[in-house]
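Structure first, then comments.
Just follow the structure's listing: the first ligand is 1, and inside any ligand the first atom is 1.
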Amino acid sequence: MNVVLDRVSVAVGGRTVVHEASLRVESGRFLGLVGPNGSGKSTLLRALYRVLRPHTGTVRLAGDDAWRLPPREVARRVAVLTQESGTDFDLDVLDVVLLGRLPHHGGFGGDSARDLALVRRALERVGASALADRPFAALSGGERQRVLLARALVQESQVLVLDEPTNHLDIAFQLELMRLVGGLGVTTVAALHDLNLAAAHCDEIAVLRDGRVTALGPPDDVLTPEVIHDVFGVRAHLLRHPVGGRPLIAFSDDTPVVTPHQEHTP
Ligand SMILES: Nc1ncnc2c1ncn2[C@@H]1O[C@H](COP(=O)(O)OP(=O)(O)OP(=O)(O)O)[C@@H](O)[C@H]1O
């Protein structure tokens, strides 16, 4: 299922924070959204998964305007893993993951043997089977993140939206999550802070700056030292990963601390 954003502008708190953003993610491709804090990544994603209505532009899922589709249909098409995904559930882990099946049912009580089998399998895939009967609220940040990924997996959607999915995760599970998501074959849009994870796993990268898409393309074309310096205000060196040759970015701390909006003096 392809995802197309066409000149999407979104305002929050009376201020436009995403300006005419256009993106196209082909079916099964993985787009990474990178950019400084406050550049509008989460806001753009919220417009995509139908939480914040753009004031101009369109979001299309397989050609259909996401804001004209019934919310349940969007929930069937798009699974979301965000930072704020329900940290206040008063439910056991198994039930939290079962919530991912809701878009496929009329409400609670529709859990079938297939649903439970999907939930068990998803918990296994994210290495969280042992947590199944624990209260969700009592889990660590990384354990919660795994469970919420399992919830997204059981949704069996064709589009996956991830907002800083590797937050809280140990390095092994960061890599596992990216590998797992990359192997699902679903269209994925992920806001990522780790440029090396983005370079290693994304088919394409969109760089947001002040709510505008300033660069878009394959990691090799986009994650250049020039773009990184321009957007993040840090000096970067482009290396090659010894295994596979993907871009590997090393940062130097010999640049003065500046915000990307300030003038840089050479
Ligand atoms: N509910 C809100 N009310 C007012 N302003 C908001 C709200 N949500 C976000 N903003 C502002 O919109 C801008 C974009 O925020 P957003 O969370 O989309 O950025 P981000 O790129 O995801 O940031 P980060 O990397 O820090 O998570 C920021 O200036 C933020 O302060």
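- Inter-residue side-chain proximity for L175 and L197 is flagged as met; some heavy-atom pair is nearer than 4.5 Å.
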As a quick check of understanding, evaluate salt bridge (Lys or Arg N to Asp or Glu O under 4.0 Å) for E176 and R179, giving each step before the final call. CA-CA 5 Å; E176 175 64 12; R179 195 192 58 75; 3.1 Å; yes

Salt bridge (Lys or Arg N to Asp or Glu O under 4.0 Å), that's the test. Do R209 and D230 meet it? Break it down for me. CA-CA 10 Å; R209 178 191 201 170; D230 192 35; 3.2 Å; yes

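- A salt bridge links R101 with D115; the closest basic N to acidic carboxylate O contact falls under 4.0 Å.
- In summary, D220 and R240 engage in a salt bridge, as defined by a charged side-chain N under 4.0 Å from a carboxylate O.
- Remark: R235 is not positioned above the aromatic ring of F251, lacking an NZ or CZ atom under 6.0 angstrom from the ring centre and at most 45 degrees off the axis.
- For ligand 1, the protein residues placed under 4.0 Å by at least one non-hydrogen atom are V12, R15, V17, P36, N37, G38, S39, G40, K41, S42, T43, E164, H193.
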